[in-house]
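Here's the structure we're looking at; comments come further down.
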Amino acid sequence: MNEPRTLTALRHVVLLLFVAIALWPILDVVSISLRPGDRLRSTEWELIPENWTLDSYRQLFTEQPFLRWLGNSLLVSAAVTTFGVVLASMGGYAFSRFQFVGRQAMMLSILTTQMFPATMLLLPLYIMIAKLGLINTFWGLSIFYVSTALPFCIWQMKGFYDTIPISLEEAAKIDGCSQFSAFTKVILPVAKPGLVITALFSFMTAWSEYIVAAQVLQDREMFTLPLGIKGFQSSMSTQWGLYAAASILVSIPVVLVFMLLSRYLVSGMTLGAVKE
Amino acid sequence: MVWVGLQRFAELFARGQAGTVNKLLVLLTLLVGCGKQDPRQIVTLWHQMRPADRAVLDSRIEDYEQQNPGIDVRALYKETEELRSGLESAVLVGAGPDIVYGPWDTLGVYNEIGAVQDMAPWFPPEVQRQFDPRTLAILSDKVDPSIRKLVFVGDRFGNHLALIYNRNLLKEPPQTTDELIAAAKTNTVDHTGNGRPDRFGIVWNYTEPFFVIPFLTGHGAWVFANDEAGDGRSEAPPVPELDTPEAIAAYQFVADLKTKHHVLPVSADYNAARELFLAGKAAMLIDGDWSWQDYLSAEGIDAVVAPLPVVSSTGLPMVSMVSPKGYSLSVAAQGDRAENAIHLIQFLTDTPTQRAFLEQQKIIPSRLSLRDHPLLKQDPTLITSLALTQSGRVMPLVTEMRAVWDAMRPPYQLLMSGNITAATATRKMQQGAERKIIALTSIVQPGVTAPLLPYAGMTLLLGLLAWQRHSFVEFVRDLRHNRLAYAFALPSLLAIFLVVVFPLVFNVVLSFSNMSLQSFRTWEIVGLQNYTDIFIGDQATKFWGVFLKTIFWTAINVSLHVSIGVLLAVVINGPIRGKAFYRLLLIIPWAVPAYITALTWRGMFDYEFGAVNHAIVAINYYLPELLRLEVIDWLNLPNPAFAACIIANVWLGFPFMMIIALGGLQGIPQELYEAARIDRATRWQQFWNITLPMLKPVLIPAVTLGAIWTFNNLNVVWLVSNGGEPADQTHILVSYVYKAVFNLYQYGYGAALSMVIFLMLVVFSMFFLHKTQATERVN
């Protein structure tokens, strides 16, 4: 497919503009991480400060349990992603394809759980976690994260399944598939872009959360990354260098995960083969 | 093999350890059955020491563990407010640390909610006499006021402000405020001649009322009417006194520095003030003892710590509000745990520990024996520091202090941004303080509706069940027919509802209750008062204002998220090179944690040095006739500050919508476009008639939830506007709730407000989803 050169050029202009906007504040974070002396603000704009240093990065690995936090975060996020994708791919399918009693009520009630201001739920949540003896365990945290990520994931998957023509399964069933194997063998592969978004979203829910984590995890060795990073913050004497350096490092795994998955997000496999 | 791996994963998971070799070995020995547990007794300590102090604390704890092999000390740093709220929640379930270390301010609250216990049995009078009396807190028991308890043993005294000046710019510190103004004027210079100074005479964090206290004392004002003795121990309820002629004179003086003498930057929060001074762009700075080391050791400036000057018009010295920091014994520590905890507290408040803090961190000790330490006689900074702590006025140890700070902050900010006069500011402060103290100290009594509520609730529930009984029967019948559907849907539902049901129900109950600071553990159901307060109380007009603002905030954010997201997805989806590259760079705002980028945005909106205003200047310079933009004082004016929050939030949110739209675009069959081209449809028509309708099923969940999340997005507003600045005018409903609950402990009111927010969102999404048919099944 060809298109006029001016249009292609316009595409590049728009994208470059937004790339600049997207990166602008990030460069500031990079700059803070290279500045000695924990200085958040600067009166001159410069990406590489005059007396730049990688000391904050070095400290993270040598003086702070950064790798331990990274491991903890990876463990929790991996578990949440797995559960999130499995449960949401099934739940979304049920809501998209079946007509059953309570379907609408269930879908709406899932949504309503997202509507309560989260800060007000902290106190009862802490009481619950404490009573169940889940303080200082990753179970307590992961269950909470899965349940926060699921409502969006289920709705998202439902939306994706809705775009897949129902004739696809009907054809599979004619070929002798059961409803279940039609789901796993035919629908799931086609729904990959949706699964990728679900996976990314579940991952991010667990990866960047710290408010609930601060309630559950009470031992520095068990901290997840965001919680560790928040520990560099203290009123009027924050370790800005470490804070910024760690924030940059925290985003790298996200970018990697995205790189890995984005191939499926735009794999070009289309439903074009299925003629309605 | 795989199974063993899984098992180990599960075990590690359950113990919450990512696994070092050591821990694995312990685990293995445990598995083979001959392991022994760590026999040491654990003492937990929550503290809020700043980073440099933490190093000293950690090394002292190490010494302690060596001397006491049977004890394992678990010290955990928590930010001051997190420590407070963490301890409050822990008290409710009888959990929490054995020891808390924190500032004086929170002590009244801890005592009020019964979080701390008496330490007098271990610190008898003869031991207490070894401490500076201002570093011990003896408070009345909440239940029986005749019982006096030693609830706090300080290890340091200070938190005082001083004038730090840069000797490269200023030879001698000013002795009087007249000298200060003169020195500040000569040091406010505009090198570049662009009409905006490049260097300022004086800076300080003038968003925070703590820093204005020396100006008040210098003019003969204070914050309470009845603690003249200044020891903060008066038992009568304190009466705020913020609206005196002396206070007006003080605020007038401060405002004049900015508007009349022009020696202050247009805006200065803590980090901006600090940076100006460190960069040599401010001759003088007012900052506290916790920060002096940074300035003294900074390169490029020659910082000296000096006392604040004497106010010329009154002849009074500017003295700061001083307070100790120290240890309290938590109620969670009982029996042996209490003994162990006290032993550690004794160690950490003992002479050797305090000497270490004095020598390494220049901290004024609480032990009188150390006041003769040679450093306090030789080190110029410490000599000044000690003198300032002696002359300082002790922060009143009353919970009302919190209400006073809260009441001072908004008018002070409005005054500094030139919106109100000093007289108006003080009047507002006084009114605000009186109102907030009532909110903080009164207990709502059960109303007439209270006894009816349980019945009403039961009736409602039964009615609902009766009304829906048919669908219940149908549901059971359907379980068998639609087995696969339920098997698919129910696990997720269980996972979701197991977690939220209890907190939701708890909140419903709380919203009818009078839970507040006074009744933190003895709250009861009082009826519908909290709801009537929201809609017809004296705060009602404010509520509706905030509500409208929230609607605006949500609408503009979501529409920008979606339109930018879809635009980028469509642009990127075309036949161009470098797709992967663009895609990756464009999701970065989503990948970097928002808690740092929001703060970065705040810095970018700074009036003097922020990148946004720099960009505006640059655009005007290179394209002089094109836009004629004006530089804006983003953070100090209500509307620009709110716009700043919106810009930051749009930036944070568009990548996610882009990803979703990108995913959705993959599902659109190319044949549709081919057919359209044959029909000679323009690109715009194709987008409008094919792309958008085909994206709809994928976008609707994202838009619905996006709207809900944006409506409830506390973080961005809180961080970019620094908790509602200026003057609480950038609040959306959730930040408004947050402030009510966490600053004034109005749990009942907060819960009711949350219920209102919740119901609003339910109505909105029902309406929206009904319009868009999103819950319909495809056929």
Side-chain angles (χ1 to χ4, degrees), chain A residues 1 11 14-15 19 22 25 28-29 40-41 43 71-72 87 90-91 94 98-102 104 107 112-117 119-121 123-128 130 137-138 144 146-147 150 152 155-156 159 162-163 193 197 208 222 231 234-237 239 247 251 254-255 265 271-272, chain B residues 13 16 18 50-51 77 80 89 93 95 270-272 275 279 281 474-475 478 482 485 488-489 491-492 495-496 499-500 502-503 506 571 574-576 582 585-586 588-589 591-593 596-597 600 603 609 663 666-667 669-670 697-698 701 705 708 712 734 738 754 757-758 761-762 775 777-778:
Chain A
M1 183 173 69
R11 283 180 197 269
V14 170
L15 288 172
V19 165
D28 214 16
V29 182
L40 172 69
R41 296 290 186 78
T43 55
N72 292 345
L87 290 177
M90 286 163 40
F98 296 98
Q99 189 65 56
F100 51 95
V101 175
Q104 271 207 336
M107 287 199 70
T112 55
T113 62
Q114 298 282 294
M115 297 176 191
F116 212 85
T119 43
M120 276 311 289
L121 294 178
L123 181 66
L125 193 73
Y126 174 82
I127 295 176
M128 187 170 80
T137 64
F138 289 150
F144 177 79
V146 170
S147 86
L150 269 181
F152 173 76
W155 270 78
Q156 185 61 33
D162 283 355
T163 65
I197 290 171
S208 56
M222 292 197 44
S234 92
S235 61
M236 299 190 184
S237 42
Q239 295 164 294
S247 304
S251 54
V254 179
V255 172
L265 188 62
L271 309 167
Chain B
F13 203 74
R50 58 198 190 84
Y77 165 79
T80 313
S89 327
V93 289
Y270 188 79
N271 285 305
E275 180 54 34
K281 292 186 175 173
E474 270 177 58
F475 171 72
D478 197 40
N482 263 322
F488 269 32
S492 313
I496 294 170
V499 176
V500 290
F502 172 74
F506 186 90
V571 170
I576 53 164
Y582 284 127
L585 291 181
L586 286 172
I588 283 182
V592 180
I596 184 133
T597 43
T600 311
F609 305 106
Q666 310 312 312
Q670 289 302 314
V698 178
L705 276 156
I708 293 169
N712 280 341
V734 272
Y738 187 78
S754 310
I757 293 177
F758 175 71
L761 287 172
V762 169
T775 55
R777 193 180 74 114
V778 291

Quiz item: Looking only at atom types and distance, does a side-chain atom of D162(A) sit under 3.5 Å from a main-chain N or O of P697(B), one as donor and one as acceptor?
Solution: no

Between [options], which shows the greatest number of heavy-atom pairs under 4.5 Å with chain B?
options                   : result
A94(A), P25(A), G159(A)   : P25(A)
G102(A), G231(A), A130(A) : G231(A)
V14(A), V146(A), I127(A)  : I127(A)

Grab the two heavy atoms, one from [X] and one from [Y], that are nearest each other, plus how far apart they are.
X       : Y       : result
P124(A) : P503(B) : CB-CA, 3.6 Å
S251(A) : A591(B) : CB-O, 3.4 Å
N482(B) : F98(A)  : OD1-CD2, 4.1 Å
A22(A)  : P589(B) : CB-CG, 3.6 Å
P701(B) : W155(A) : CG-O, 3.5 Å
P593(B) : S247(A) : CD-O, 3.5 Å

Self-check item: Residues V592(B), V254(A); criterion side-chain contact (heavy atoms from CB on, under 4.5 Å); working and verdict
Solution: CA-CA 8 Å; V592(B) 180; V254(A) 179; over 6 Å; no

Quiz prompt | F488(B) side, atom CZ; L87(A) side, atom CG - distance, nearest 0.5 Å | solution = 11.0 Å

Counting only non-hydrogen atoms closer than 4.5 Å, does [X] touch chain A with its backbone (N, CA, C, O), its side chain (CB onward), both, or neither?
X       : answer
S492(B) : both
F506(B) : side chain
L705(B) : side chain
N271(B) : both
V500(B) : side chain

Quiz prompt | Verdict with reasoning, L586(B) to L15(A), per side-chain contact (heavy atoms from CB on, under 4.5 Å) | solution = CA-CA 8 Å; L586(B) 286 172; L15(A) 288 172; 3.8 Å; yes

Between [options], who has the most heavy-atom pairs with chain A when the cutoff is under 4.5 Å?
options                           : result
Y77(B), F475(B), Y738(B)          : Y77(B)
T600(B), I496(B), V93(B), L761(B) : I496(B)
I588(B), T597(B), T80(B)          : I588(B)

Between [X] and chain B, which part of the residue has a heavy atom less than 4.5 Å away: side chain, backbone, both or neither?
X       : result
Y126(A) : side chain
S208(A) : backbone
I197(A) : side chain

Quiz item: So do the side chains of P575(B) and R11(A) get within less than 4.5 Å of each other, counting heavy atoms only?
Solution: yes

